[in-house]
Amino acid sequence: MAELVFFSGTMDSGKSTLALQTDHNYRARGRAGLIFSRGDRAGQARVSSRLGLDVAAHEVTDDTDFWAEISSRRSSGEAVDYLVCDEAQFYSPEQVEQLARLVDEMEIDIFAFGITTDFRTRLFPGSARLIELADRIDVLQVQSLCWCGARATLNARTVDGLMVTEGEQVVIGDVGRGEVAYEVLCRRHHMRRMTALTARRRSADESLWG
Ligand SMILES: Nc1ncnc2c1ncn2[C@@H]1O[C@H](COP(=O)(O)OP(=O)(O)O)[C@@H](O)[C@H]1O
Ligand SMILES: Cc1cn([C@H]2C[C@H](O)[C@@H](COP(=O)(O)O)O2)c(=O)[nH]c1=O
């Protein structure tokens, strides 16, 4: 039976690496698949992993209709056994429904990878629909860590190292890089808006003033 699986984790938890490994393993066994992504940091139509792999992919846009796209490929004789869908948090709820339909009506395995929540700890619409519809949700086993050493479960957006809570939901970026960047935190420190820089400053102040 084909499945819709949602592999989720914080930023920098190895999702794109696993997406590329999954594609590699299925392809190595003669199965035919397609890789999709939306808004990868490396640019349009790419899936890039911080471990160094960077491969071509099909860019998902507002106009992408997965059902129409795969039906048309199949009608013209192309085999499509599975889809690897990276940055799936950016897909629309309707696109996630199209993916679920491909599983149920065409027996195509869908491996979707993405973060669940944004910098304000709110679900992305695409991730919400994946959580509602997936046959299985796999939380990545590689632990990303908060600066305090606890397991990081949330993504913070930072400007010059300080956590911000206002802004657009979607701003493509990387952890620890750029003026606007991201940092993974445990819930306690996300709630306290305490990034690595804030913590360092606080401890410097404490040692200065006793
Ligand atoms: N220099 C490195 N050596 C070993 N592992 C690394 C290195 N840089 C990154 N990684 C691993 O890559 C992971 C990030 O992988 P990636 O697929 O880019 O994450 P995601 O797609 O979830 O944002 C990190 O959690 C870490 O385990
Ligand atoms: C928290 C959060 C993240 N993003 C963006 C930043 C990155 O471009 C991607 C996540 O990529 P990764 O492969 O999981 O590192 O999402 C965003 O647009 N808005 C947010 O709130």
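When a ligand or atom number is given, it counts from 1 through the structure's own listing order. Worth saying up front: this structure is predicted, and the values here are computed from it rather than measured.
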Problem set entry | Pair Thr117-Ser127, side chain to side chain contact (heavy atoms under 4.5 Å, CB included): steps then yes or no | CA-CA 8 Å; Thr117 54; Ser127 309; over 6 Å; no
Problem set entry | Heavy-atom donor-acceptor pair, Asp86 side chain to Val47 backbone, under 3.5 Å | no
Seminar exercise, completed: Within 4.0 Å of some non-hydrogen atom of Gln89, the atoms of ligand 2 are 9 (C), 10 (C), 16 (O)
Exercise. Quick one: does Asp118 get an N or O within less than 3.5 Å of an N or O on ligand 2?
Worked result: no
Exercise. Do Ser16 and ligand 1 have an N or O pair less than 3.5 Å apart?
Worked result: yes
Exercise. Which protein non-hydrogen atom lies closest to atom 14 (O) of ligand 2, naming both residue and atom, and how far is it?
Worked result: Lys15 NZ, 2.8 Å
Exercise. Does atom 5 (N) of ligand 1 have a protein heavy-atom neighbour under 4.0 Å away?
Worked result: yes
For this session: Please report which non-hydrogen protein atom sits nearest to atom 8 (N) of ligand 1, along with the residue it belongs to and the distance in Å to one decimal place.
Result: Arg50 O, 3.8 Å
Exercise. Which pair of heavy atoms, one from Val139 and one from Arg151, lies closest together, and at what distance?
Worked result: CG1-NH2, 3.8 Å
Exercise. For Arg73, does the CZ atom have more than 12 heavy-atom neighbours from other residues, nucleotides or ligands under 6.0 Å away?
Worked result: yes
Exercise. Going by heavy atoms in the side chains, are Lys15 and Ser13 under 4.5 Å from each other?
Worked result: yes
Exercise. Does Gly14 have a heavy atom less than 4.0 Å from any atom of ligand 1?
Worked result: yes
Problem set entry | Heavy-atom nearest neighbour in the protein, as seen from atom 13 (O) of ligand 2, with distance rounded to 0.1 Å | Glu87 OE2, 3.0 Å
Problem set entry | Side-chain touch Asn155/His190, heavy atoms, less than 4.5 angstrom | no
Exercise. Under 3.5 Å between some N or O of ligand 2 and some N or O of Arg50?
Worked result: yes
Seminar exercise, completed: Counting heavy atoms under 4.0 Å, the part of Phe124 that contacts ligand 2 is side chain
For this session: Please say whether Thr10 places an N or O atom under 3.5 Å from an N or O atom belonging to ligand 2.
Result: no
For this session: Decide whether the shortest distance between a heavy atom of Ser13 and an atom of ligand 1 is less than 4.0 Å.
Result: yes
Problem set entry | Contact atoms of ligand 1, heavy-atom distance to Ser49 under 4.0 Å | 18 (O)
For this session: Among all protein heavy atoms, pick out the one at the shortest distance from atom 21 (O) of ligand 2; state its residue, atom name and that distance to 0.1 Å.
Result: Phe119 N, 2.8 Å
Problem set entry | atom 16 (O) of ligand 2 - nearest protein heavy atom and its distance | Phe90 CZ, 3.3 Å
Exercise. Is there side-chain contact between Tyr182 and Val171, with at least one heavy-atom pair below 4.5 Å?
Worked result: yes
Problem set entry | Parallel, tilted or perpendicular: ring planes of Phe36 versus His58, cut at 30 and 60 degrees | tilted
Problem set entry | Residue and atom name of the nearest protein heavy atom (relative to atom 18 (O) of ligand 2), distance in Å to one decimal | Val171 N, 2.8 Å
Problem set entry | Residue part near ligand 1, for Asp12, under 4.0 Å between non-hydrogen atoms | both
Seminar exercise, completed: Counting from 1 in the order shown, the ligand 2 atoms closer than 4.0 Å to a non-hydrogen atom of Ile115 are 1 (C), 2 (C), 3 (C), 14 (O), 16 (O)
Exercise. Which atoms of ligand 2 sit under 4.0 Å from any heavy atom of Arg157?
Worked result: 19 (N), 20 (C), 21 (O)
Exercise. When you check the gap from the basic side-chain N to the acidic O, do Arg46 and Asp40 get nearer than 4.0 Å?
Worked result: no
Exercise. Which residue owns the protein heavy atom closest to atom 27 (O) of ligand 1, what's the atom, and how far is it?
Worked result: Val142 CG1, 4.1 Å
For this session: Determine whether the side chain, the backbone, both or neither of Ile172 has a heavy atom under 4.0 Å from any heavy atom of ligand 2.
Result: both
Exercise. Short list, please: which atoms of ligand 2 are under 4.0 Å from a heavy atom of Gly173?
Worked result: 6 (C), 7 (C), 8 (O)
Problem set entry | Side-chain ion pair, Arg38 and Glu59, N-O less than 4.0 Å | no
Problem set entry | Salt bridge present between Arg122 and Asp118 (N-O < 4.0 angstrom) | no
Seminar exercise, completed: The atoms of ligand 1 lying under 4.0 Å from a heavy atom of Thr17, numbered in the order shown, are 15 (O), 16 (P), 17 (O)
Problem set entry | Closest protein heavy atom to atom 7 (C) of ligand 1, given as residue, atom name and distance to 0.1 Å | Leu51 CD2, 4.0 Å
Exercise. For ligand 2, which atoms have a heavy atom of Met11 less than 4.0 angstrom away?
Worked result: 3 (C), 6 (C), 7 (C), 10 (C), 14 (O), 15 (O)
Exercise. Would you say Glu168 touches ligand 2, if touching means a heavy atom closer than 4.0 Å?
Worked result: no
For this session: Report yes or no: do Leu34 and Tyr91 belong to one cluster of Ile/Leu/Val/Met/Phe/Trp/Tyr joined by side chain heavy-atom distances under 4.5 Å?
Result: yes
For this session: Just need the protein heavy atom nearest to atom 19 (N) of ligand 2, so name the residue and atom and give the distance.
Result: Gln169 O, 2.6 Å
For this session: Answer with yes or no whether the side chains of Thr195 and Thr198 bring together a donor and an acceptor at under 3.5 Å.
Result: yes
Problem set entry | Distance-only N or O hit between ligand 1 and Lys15, under 3.5 Å | yes
Exercise. Less than 6.0 Å separating the ring centroids of Phe111 and Tyr26?
Worked result: yes
For this session: State whether the side chain of Arg188 and the backbone N or O of Ala150 hold a donor-acceptor pair below 3.5 Å, judged by distance alone.
Result: no
Exercise. Are side-chain heavy atoms of Arg120 and Leu154 found at a separation under 4.5 Å?
Worked result: no
Exercise. To which protein heavy atom is atom 17 (C) of ligand 2 closest, and what is the distance rounded to 0.1 Å?
Worked result: Tyr182 OH, 3.3 Å
For this session: Please report the closest heavy-atom contact between Asp160 and Leu197, naming both atoms and the distance.
Result: O-CD2, 3.4 Å
